[in-house]
Structure formats: C-alpha cells, structure tokens
Amino acid sequence: MTARGWAFFLARRLAVLALLLVVVSFAVFSLLYLSPGSVIDTLLGTNPRTPAELSYLTSEYHLNQPFLTQYWIWASQAVRLHFGNSIQTSLPVTSEIRQRLPVSLFLGVYAYILTVLLGVGLGIAAALRRQRLADRGIVGAAIVALSTPAFVSGVFLIYLLGIQVRLFPVAGPGTGFFGELWHLTLPAVALALTATAYLVKHTRAAVIGVLDQDYVTFARARGLTASRVLTGYILRNALIPVVTMSGLILSYVITGAVLVEDTFSLPGIGQLLVQSATAKDLPLIQGVAMVIAVVIVLANLLADVALMAVDPRIRLGRGSR
Amino acid sequence: MKPRRAATLAAATVALLSMGLAACSATSTPPSALANAPGTNAVIPQLTIGDDAAIPTLNPDKTADTVGAYGALESLIKFGPTGQIEPALAASVTQPNPATYVYHLRQGVTFWDGDPMTSADVVNALNYEREPGSEISSHFTGVKSVTTDGPYTVTVTLDQPNATWESQVATFVVIFEKKFQQEHPATMGQPGVLIQGTGPLVIDSFDPTTGLQLSANPHWWGGQVLVKHVMVKLFSSETDEALAFRAGEIDAAHDVLNPRSFVSASGANLVSTPAFSEGYFGMNYEIAPWNNIHVRRAVAYALNRSDIIAALGNKAEPVTTLIPPNQLTQLGSQAQISALVNSLPSYPYSIAKAKAELAQSPYPHGFTATAITIDFGAYTPINEAIAADLAKIGITLKLKLVSFNQYIDNLTGPRTLGGTYLTFNVISPDPSSFPSALLGASNLAAGGWNYANYNPAAMNTLLAEGTATLDTGKRLAIYTQMLKMLANDEPYVPLFIQDYNIALSSKYTLPGYTVWDELGAWVIDIRQAR
C-alpha cells in the first residue's frame, strides 16, 4: 500500500471514530436521561434535604435545563477535552480515568498475551493431533471454559490458588510491575479462559481447513521439513481469521472485564463504569464510554493493520491506493 | 448501598464453595462471643480493615461519617458508651438560653501538622459544612449564626430551640484546619491533597480506588493510641471482602450487611450491636387495598418477625415501634421505655387474628399485589419471608426485582407504591430521626421517604413539637403520643433493628462495642486478643 493509501485508510478510520463517539455519547446521555433515579438522590441518600440545597445541586448539574441543552453543555466542553468533574468524587473525569486505565490495560494486555499464547498454541496442537486423545482433551477443556463465566472461574481460582494454596492474592491490583503481575495473574487467567477457548476452536478449525489443502500436501511431497510446512504454509494461511478475531479479543479483554474487576476488587475501567452508573455520575459515565469506544476502534484498527501485514490480498486490494 | 447482580451470582458460587471450605477447613471457626472479649494493652503495629463502602473523597461535607469512623476527624462533642454526650474538642458546653450553645474549646489541641486548633478553625468548619453546596447542610438549617468571642470560645445561635442539635453536632460536625482549607479551596479531601484534622489517626494517604493509610497521632489529646498503623482496603463487594478475609488478607471487615453469607464464606467472628437501622413493611395509606385499616392490621399480625430475622441471618432484634428502643432511651430510663412499648396497641404474630382482621376488610379472602425488591444485602430473603407469611392469609405478594435507582425512585418519587419492605438507616441517634424522615408532609415531596403516604395533620404537629423542646420528659410524652397514633393506624409495620456487624480476626477483640462506638473512632478500640 502506498503512503497515500495508508493516509486515506487512517483518515477514514478516524472519521468513523469521531462519528462513533458522537453516536455513543448521545445514546448514553439519552439512556441516562430516561433511566430512573436522580443524581441528587444518590448524593444526598437518606439525608434530609433543604430547598436551598436542592436548588444548588439542580443548578450545579444543569438538571433544570432541557435535555438537548444539557447534552450541548457536555458536548461543547468535551470537544475541548474537558469532560468535567465526577459528581461523586469532584475529581476531574480525566484524572479518574487516568487512575483506573493502567489497571485495565495491564490486566487486558496480560489476559490478551495469555489468550493468544494458549489459544493459538493449543488450537494448533489440537489440529495437528486431530481425533486423538490430546485433541479431544483440548476441545473438551475449551467447551468447559466456554461454558464458565469469568466471575465463576474467578471465584474458583480464588478458592483454589488464593485460599487453599495461598499462592496468589485474592484482591487488589498491587504496586510496581512485579506486584501488579503477581496480583493480576488470577484475574488475567479468569478473563483469558473464555477468550482462549474461542481462539482454540477457531485456530483448530482454521488449521484443519488448511491441512487438507493441496499446496500443503505438495509442500510435504517436496520434502520440506515439518516446521517449515507449519510456519510457511499452514500458519500463514490459517492465522488470517485468527488475526481478525484477535482485535475483537483485545477490545473485549480491556473493556469487558467488569465482572472480573468486581470479583477481584480491581479498580479498573469496568468497576468505574459500574460505580458511576449506579450513582448516575453522568460526566464519569460519558468519559468512560468514550474511552471504551476509542479502545474498541483502536483495537480493531490494530487488527486490520496486522491483517494487512500478513495478507497481501488485502494490502494490495481495491481501495488501497 | 450498592446493588450488584454479578456479586450475587458470585455469592452463590461462593456459598457452594464455602460448603467445601467448611468441610475441609482444618481450623474451625472460634465462637463469635470471643470477638468482644477483653483484650490486652499490647501495641498493634498494623491492622488491615476491609470496607466495601465507597470513600469518594475526604471532604467532610460528603464523607464525614466514614472518615470519622476511622478515627481521623473529630467533632466538638461525642457520644459516651451509653449514648450520653461527652466532651471532645470542646472541653465543655454552656447554654445561656435554650437556643444558644457556647463551646469552650480544649486548649493545647493541635492539628496533625502541629498548628494549634482555635476558634477560627471551628467557626470556619461549621460555616463550611452548612453552605448550600454541602451534602450535610440540611443538618444545620436552624443555625442562625456561628461566632467567636475569643481564641477558645465558639457560640452557635439557633433560630429556635432544637432538641436534635447536640446529636447533630456529635454526628455530623467535624473540625479541620482553616489554613489548610483556604490553601486548597477546591481540592481539599482529594487524593494527594488530603485534609488536616485532629483525630487519633493521621491520614497518610488516600486513594478512592484502593483505600486509606492511617497512622497513630503521637500528639493526640486523648492519650496514647495502641493501633499504630491502619490500612483501609476497599472492595467491590462484601463477597470479595469475605474471600479476602478467608485468605488472611484483612484483619477486620467494616459494616457486614449480609452476615449469614459473609460468615459462611469468610469463617469470621462477628462483633455485633443493634444499630440505628430498622426494617419496615410500609403500606400506602391512600391506595387500595392497603388504605384499609383491617388490611394493614392483618398484615401486622401475619408478619412473623422470627422468620424474617432468620432470613437476615439472626443478626437483628425484633421491634414493634417506629422509633427503636435504643433511641427512646435517650428520653427516659429503660423501665420507662419498656412501659411505653408495652402500653402501645400491638399485633403479635397470629395467623388466626390476621385472618379475622382481613375478614373485616373488603378483601376477606386476600388479594394479589406486587412489591418491588432489590438485589442488595438481605433484601431478597427478607422479602421472600414476608411474601411467605402473607400467603398464609391469602395475600399473594409478587416480588419484582428492580435496579437500585428504580427502587429509590419508587420510594421517594410519586406515592404509587403499595406494600413495600425497606431497611432505613439513620446516623443520628436522636429519637426524631426516623419519624422526621418517614412521616409527615415535608417527606411527601419528591426526594422524601414517606413512602407509606402517611400525613395526618396531628402527626405533622407532633413532628414539629418533638424537636422544639429540650425537655426530655415532654419529648417522651410527644413521642409516646406519636407511637400510639402509628400503632393504631399501622402505616409501617416495624420488624427489626438490624445489627451493626464488624468481622474480626481471632487475633483481635473489640471489647464493649456498642452502636455509640460505631459513631466514633471504634478502630482505636481494637485490642489484641489474650
């Protein structure tokens, strides 16, 4: 692909991202507006309330303004990257997200690495030993993992490795690289299990599909080594759908860890989203929704770029120039 | 209050696992009675306490109760072991007239940074907490002025005498350094900025995502603090907290709301005390079929408090009055309060009497109604126990699970709910606190908690009179009248007073723990077990 082609490709993706952010922000704003409960109730709880207090809070959070005006007030600040302050903590939304994002990114990347290593590795192993005991064992384990929600496997891991063996901590994110690695191992495994199972099944199916191709038979007939056939002929073709899927997996493990973060009391983006939704903390919900949308788009962009790198048909195809 | 459907699903898994834990655990759970036995006076170098309540900021107009509980911030006065008012930062209080309080400050008290506490700090803190932007400003509505007559004298003048004022000061007021607040006008209480207080534990660090670090204040006016370092670790849910307790990662857990599942999963000892948290079944005074007095009395007879308390894990005491006895004792002796309670019309559990009452209503064979519930604490098992009791007299209560926000919206919004269970918590121990939240015209407006829609004119008069006099005898007479009226009309069926529970490692003890300790710095009262 030419430089111009790359620029056009990226510009198109960024335009899609901008449009997506507008749609997501408006949809989230509308849903929150329609949902029951009031931020004032959340803030004051069972405390008695005075007219002066109600008037102050109503004005402070623009609750007396029409819906579209409220959205416009938020959007006009957001385009200048001012997402406001959290209603609960009074901290800027950006600093709240900055505090939480590293935990989610660490957990997500850790789980992603585990997913790819285990998913692709076991998928290939199962395909190469098709219909044998190892294949049946891997496929059976994948079905169990697919059927186990992350919070259930999380609790099981806590029980086994946190309480019985006491090998890993059961809550909190830890500090420092190795502290985080130690604390986030169980959550990463819990988060990776389901995605790994998907990847095992996809990789296995893709490799089996390629194993039966004529060009693989021909390569073997030419006397090429097994490793050369595997890397140069089988994986290069079989991993194309796996690379496509990996973008979805990356966005899932970074943004979809709500239950795992809850199970292990991890202060990540998912937990922040749940807390802010419960408290109707609109600026924070909007900020988190924007981050999630950006992560999803960027993860898919990365997957597409990776796909172009491994598949010349896409790189040189229509619209690439 | 944090509803978590996921947490409940996780809790179910934990419950299954905990059966295994109970079966294979080598160390059996010590009896919980040991948890409040006398301890030693040895220094405790480090305590780790779990909490699943959010601490979004240290700003005292938002989270004074939580931070106060951890012994960081103090008030002018405090509650003693039996609920009597005792001096704290004010060495004494005088009252030149019923609407004026003069606080004579303790001299020699310093903030954590070493600066002395003076009347300027106290005046500034009181004014800060009563500004309209403060979430606790409603507790200061009757304050006319806060002035100072010298470096150690502060005068608070009220619009009119207010019997709740002292309780409000002991519960909600916290004193912080004026200089620090003025240096950080918009950021006081935030992580990295913190706050300057006088309490026995100094706040060293704060992160709303992970918790607090505190250390003993070596210059505390109250003497030596035996607990040297405290880490407050925040959890997403009580289930996570229980598992961390089981894994030995925390020494104590604060405010256990679902004691049965917590003990099952954690194996912890609980230290419990009746709290100011009362469970009610409220019935709409204006909407059929609940507006019929015979229906309400039938419900009152049909509800078996023992069953309902069992659903809660037996960590509660049955009550029959909207104002719980542990608040009424502020106005009279135990004997007087017992006599008062016994003199009220009562509805002891009796299916026969319930059926007889229902037979006098237009619904002699019962009816079907829908009640909302939430996935939080023990709400679901309690509602199921209530529905089972009502089914015995022909009332079919269909339970509808709603989100937390929907629940609050229904309770405090338009008065359309029929029969609904609610556990209502108050922080102030004054006997007016439950009636002034759940009854009367002022609580019928949006945001008010009078979900039984109960608003007789006589009740509004009693509500006003109850706080306008400082004479405890007169107040007792007013609240007796109020309770009689409620017992006759029965808009709310009082069910139980829930215990306040602290889970404690067997290494520690919390001797003599009462609800009054919970309103103060209970953490520094933890002792090493003998």
Side-chain angles (χ1 to χ4, degrees), chain A residues 35-38 40-50 52-57 60 86-91 95-96 99-100 103 149 151-152 154-156 158-159 162-164 166 168-173 175 258-259 261-268 271-272 274-275 277-280, chain B residues 1-4 6-7 9-10 13-14 17 20-21 24 54 56-57 59 62 132-139 141 186-187 189-191 207-210 233-237 239-241 243-244 246-249 403-406 408-410 412-413 424-426 436-437 442-443 447-449:
Chain A
S35 69
S38 147
I40 294 179
D41 290 342
T42 308
L43 284 175
L44 299 181
T46 56
N47 275 321
R49 48 201 71 190
T50 64
E53 201 175 1
L54 287 177
S55 163
Y56 174 87
L57 292 172
E60 176 75 10
S86 159
I87 291 170
Q88 295 173 92
T89 65
S90 72
L91 287 171
S95 86
E96 285 275 10
Q99 247 180 340
R100 308 276 191 141
V103 173
F151 65 86
V152 173
V155 172
F156 181 73
I158 286 174
Y159 168 70
I163 293 173
Q164 289 298 308
R166 299 208 175 186
F168 293 99
V170 302
T175 51
V258 177
L259 296 179
E261 287 178 9
D262 200 61
T263 305
F264 290 89
S265 289
L266 298 174
Q271 195 196 57
L272 184 65
V274 172
Q275 285 172 356
T278 307
K280 287 205 85 168
Chain B
M1 301 216 295
K2 285 162 283 180
R4 291 186 197 89
L9 291 169
T13 313
V14 170
L17 289 174
L21 281 171
C24 63
T57 167
N59 193 320
K62 291 186 171 67
S134 159
E135 288 166 24
I136 57 169
S137 63
S138 60
H139 299 287
T141 43
T187 55
Q190 291 183 356
D207 182 340
T209 64
T210 52
K233 207 169 172 181
L234 299 181
F235 289 86
S236 302
S237 68
T239 308
D240 303 346
E241 223 177 330
L243 292 172
R246 171 74 75 170
E249 291 182 17
S403 72
F404 183 74
N405 285 333
Q406 272 177 305
I408 301 294
D409 209 34
N410 276 286
T412 62
F424 197 80
N425 307 297
V426 295
S436 63
S442 63
N443 293 306
W449 287 87

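First the proteins, then the strands, lettered A, B, ... as listed; each starts at 1.
- To the nearest 0.5 angstrom, L266(A) atom CG is 11.0 Å from F235(B) atom CZ.
- Closest approach of S236(B) to E261(A), counting heavy atoms only: OG-O, 3.7 Å.
- Looking at T187(B), neither its backbone nor its side chain comes within 4.5 Å of chain A, counting heavy atoms on both sides.
- Summarising the geometry, atom CZ belonging to R246(B) is positioned 13.0 Å from atom CD1 belonging to I158(A); distances are rounded to the nearest 0.5 Å.
- Listed options N443(B), D409(B), T412(B), T141(B) were ranked by heavy-atom pairs under 4.5 angstrom with chain A; first place goes to D409(B).
- If you measure heavy-atom distances from E60(A) to chain B, you find no contacts under 4.5 Å at all.
- Annotation: salt bridge (charged side-chain N to carboxylate O under 4.0 Å, His left out) contacts of K233(B) (sequence neighbours excluded): E249(B).
- Across every non-hydrogen atom of V170(A) and A244(B), the tightest pair is CG2-CA, 3.5 Å.
- T209(B) contributes atom OG1, which lies 9.5 Å from atom CG of L272(A) (distance to the nearest 0.5 angstrom).
- Across every non-hydrogen atom of G162(A) and A247(B), the tightest pair is O-CB, 3.8 Å.
- Of the two parts of P173(A), only the side chain, counted from C-beta on, holds a non-hydrogen atom closer than 4.5 Å to a non-hydrogen atom of chain B.
- If you measure heavy-atom distances from S137(B) to chain A, the contacts under 4.5 Å come from both the backbone and the side chain.
- For L91(A), the parts lying under 4.5 angstrom from a heavy atom of chain B are both the backbone and the side chain.
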